[in-house]
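Here is the naming used below: chain letters follow the sequence lines, and residue numbers restart at 1 for every chain.
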Amino acid sequence: MRRLSIVAIAGATGTGKTGAALRLARAFGAGVVNFDSRQVYRSIPLVTAQPSLEEQEVCPHRLYGFLELTEAMHAARFAGLAHEALAETADQGLLPVLVGGTGMYLKAILQGLSPIPDIDPDVRERVLAECAQKGSDRMHAILVSVDPEAAARIHPNDSQRICRALEVYRSSGRPLSDWQRQKGEAPPYRVLKIGLHRDLDELTVDLARRIDSMLEQGALYEIRAAWKEVPDRTVPGFSGIGCPELLAHLHGDCTLKEAGAMWLKNTRAYAKRQITWFKRDSEIIWRAPSDLSGLEELVGNWLDSGEDRAGAGENQ
RNA sequence: GGAGGGGUUCCCGAGUGGUCAAAGGGAACAGACUGUAAAUCUGUCGGCGGACGCCUUCGGAGGUUCAAAUCCUCCCCCCUCCA
């Protein structure tokens with residue numbers, strides 16, 4: 001992997017990351033690489049707030065809207081795709097700019113993941129079935145006996161992580177905690193992390209506005225079409241906020257107004273989780289979306305300082 | 001006008017003499033997080049104090065009782081039904 005200089009723009013949903021990225025595209029000739037776990041789905045660009053076609057015309061955009069609703073994504077797979085996309089962007093002579101809101105994906109890209117092998121699908125299915133039957137408490141007790149270290153870290157109610165740990169053990173024959181001792185390899189990137197932060201209450205006002213605007217632009221129509229394509233609510237693509245709410249309305253379970261209220265509530269809660277995640281990252285340089293005036297200077301200086309040290313050619 | 005039902009902590013909602021600052025859910029706040037991560041999960045959640053505790057709270061005002069959100073009286077408001 002080459003030593004690329006890349007900019008990462010992080011922040012909660014609706015803080016204007018796309019806009020900030022386009023500023024960099026205009027100023028430096030950048031290419032955007034997504035790191036958002038839901039914006040990868042093809043059939044639901046509006047509901048997942050993918051950059052519009054006009055926005056995507058400003059510069060090359062990668063890893064948006066390429067996946068079928070039925071297909072699952074996960075951090076390791078995404079990181080692999082992102083490395084390719086970053087390299088391709090650099091090959092075009094553009095500054096790669098990672099943009100997104102999935103903290104774990106960004107971490108997987110920038111720090112790497114432990115080299116845990118893929119899980120045998122049969123094992124996975126059996127574990128999930130067993131958990132559904134026995135409940136997370138008893139599954140946790142089982143985990144204690146095979147991987148006490150992981151069990152100590154995972155709460156007995158956290159069925160998702162308990163199942164993951166058990167899957168890894170049963171599928172690979174080694175405890176998850178054992179695998180995780182081997183840290184992932186961080187790529188040799190030189191990274192500038194920029195975070196966009198807004199007060200949550202202020203952000204919520206805009207999130208409400210954005211939902212109204214999505215509905216005006218045909219979010220309901222988009223979901224109806226997606227449902228026609230894949231009439232299954234449990235499919236990975238429909239797990240993004242907005243989908244379950246709109247599907248509930250389409251099935252007559254609630255009014256559109258109620259669906260909108262739920263959508264907003266869930267989006268706000270999600271934004272809160274994103275803020276919690278990113279604020280722990282001490283490498284992030286925070287900016288207010290209302291004042292991005294120094295952004296180009298910040299990035300420009302950072303690029304210059306890197307060239308001095310690493311010499312020419314690192315970026316092309 | 002008559003007959004019922006109801007007003008509970010930010011919201012919904014349990015609670016019908018003590019074990020009630022009051023179940024449960026939601027919201028909110030704080031947090032965790034290496035392969036589902038827009039997921040999953042945790043803690044706090046009337047005020048003050050380290051705990052024991054003290055103070056304020058269950059529409060309002062009185063009363064009964066050692067003790068009331070819970071019983072009685074009157075008053076205010078809401079809903080349903082009959083007129």
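- In this structure, Q180(A) reaches the G35(B) phosphate: one of its side-chain N or O atoms is under 4.0 Å from OP1 or OP2.
- The distance from atom CD of E149(A) to atom P of C33(B) is 14 Å, rounded to the nearest whole Å.
- Computed from coordinates, the R280(A) CZ to G31(B) P distance equals 10 Å when rounded to whole Å.
- Comparing the P positions of U44(B) and U36(B) gives an interatomic distance of 29 Å, to the nearest angstrom.
- The main-chain N or O of G184(A) is never found under 3.5 Å from a side-chain atom of Q111(A) such that the two would form a donor-acceptor pair.
- Nucleotides U56(B) and A69(B) are separated by 14 Å at their C1' atoms, to the nearest Å.
- Taking the side chain as every heavy atom from C-beta outward, R287(A) and L298(A) approach each other to under 4.5 Å.
- For residues 77-100 of chain A, the set of pairs meeting the ring-ring contact (aromatic ring centres under 6.0 Å, His included) definition, not counting sequence neighbours, comprises F78(A)-Y105(A), H83(A)-Y189(A).
- Both H155(A) and H74(A) lie near RNA chain B, and the one whose nearest nucleotide falls closer to the 5' end is H74(A).
- Computed from coordinates, the D158(A) CG to U36(B) P distance equals 12 Å when rounded to whole Å.
- Side chain S114(A) to base U34(B): a donor-acceptor pair is found below 3.5 Å.
- Phosphate contact (OP1/OP2 of C41(B), side-chain N/O of R161(A), threshold under 4.0 Å): absent.
- Residue-level contact check: W277(A) touches the bases, meaning some heavy atom is under 4.0 Å from a base atom.
- One C1' atom belongs to G46(B), the other to A21(B), and the distance between them is 7 Å to the nearest Å.
- Distance CG (L246(A)) to C1' (A38(B)): 14 Å, rounded to an integer number of Å.
- Of the candidates V97(A), V58(A), V99(A), V58(A) is the only one forming a side-chain contact (heavy atoms from CB on, under 4.5 Å) with L22(A).
- Residue contacts shown for P115(A) include a base, since a base heavy atom lies under 4.0 Å away.
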### Query
For every nucleotide of nucleotides 23-30 of chain B, 5' to 3': is a protein heavy atom under 4.0 Å from its base (B), only from its sugar-phosphate (S), or from neither (-)?
---SSSSB

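- Atom P of nucleotide U36(B) and atom CD1 of I241(A) are separated by 18 Å, given to the nearest angstrom.
- At a threshold of 4.0 angstrom between heavy atoms, the contacts of Q39(A) include nucleobase atoms, whether or not backbone atoms are also involved.
- If you measure from atom CG of L106(A) to atom P of G35(B), you get 16 Å, rounded to the nearest angstrom.
- Between the P atoms of A3(B) and G15(B), the separation comes to 26 Å (whole Å).
- The pair D206(A)-R209(A) meets the salt-bridge criterion, since a charged nitrogen lies less than 4.0 angstrom from a carboxylate oxygen.
- Considering every non-hydrogen atom in both W263(A) and L246(A), the closest pair reads CZ3-CD1, 3.8 Å.
- With rounding to whole Å, Y270(A) atom OH is found 17 Å from C41(B) atom C1'.
- When the P atom is used for both A67(B) and G47(B), the distance is 29 Å, rounded to whole Å.
- Within the 4.0 angstrom heavy-atom criterion, no nucleotide atom of any strand lies near F78(A).
- In this structure, T48(A) does not reach the A38(B) phosphate: none of its side-chain N or O atoms is under 4.0 Å from OP1 or OP2.
- In this entry the distance linking CE of M214(A) with P of A38(B) reads 15 Å, nearest Å.
- Among the protein residues, R77(A) comes within range of no part of the nucleic acid, since none of its heavy atoms lies under 4.0 Å from any strand.
- At least one donor-acceptor pair under 3.5 Å links the side chain of S172(A) to the backbone N or O of R174(A).
- Within 4.0 Å of K183(A), counting heavy atoms only, lies at least one base atom of the nucleic acid.
- The listed nucleotides are U34(B), A38(B), U36(B); the one nearest the side chain of T102(A) is A38(B).
- As judged by a 4.0 angstrom heavy-atom cut-off over every strand, G101(A) is placed among residues touching the sugar-phosphate backbone only.
- Scanning atom types as modelled, no donor and acceptor separated by under 3.5 angstrom connect the side chain of R153(A) and the base of C33(B).
- When each of H140(A), E167(A), R138(A) is checked for a side-chain contact (heavy atoms from CB on, under 4.5 Å) with I162(A), only H140(A) meets the rule.
- The separation of G13(B) from G59(B), taken at their P atoms, amounts to 14 Å, rounded to a whole angstrom.
- Nucleotide G4(B): paired with C79(B) (Watson-Crick or G-U wobble, both distances less than 3.5 Å).
- Residue whose closest nucleotide on RNA chain B sits further toward the 5' end, between P117(A) and N157(A): P117(A).
- Base pairing analysis places U44(B) opposite A28(B); the two distances defining the Watson-Crick or G-U wobble pair are each below 3.5 Å.
- The base-pairing partner of A69(B), taking Watson-Crick or G-U wobble contacts with both distances under 3.5 Å, does not exist among the strands shown.
- Using a 4.0 Å cut-off between charged side-chain N and carboxylate O, D91(A) and R2(A) make a salt bridge.
- Comparing the P positions of G26(B) and C81(B) gives an interatomic distance of 33 Å, to the nearest angstrom.
- Classification of D253(A) and R233(A) as a salt-bridged pair holds, one side-chain N sitting under 4.0 Å from a carboxylate O.
- Nucleotides C77(B) and U8(B) are separated by 16 Å at their C1' atoms, to the nearest Å.
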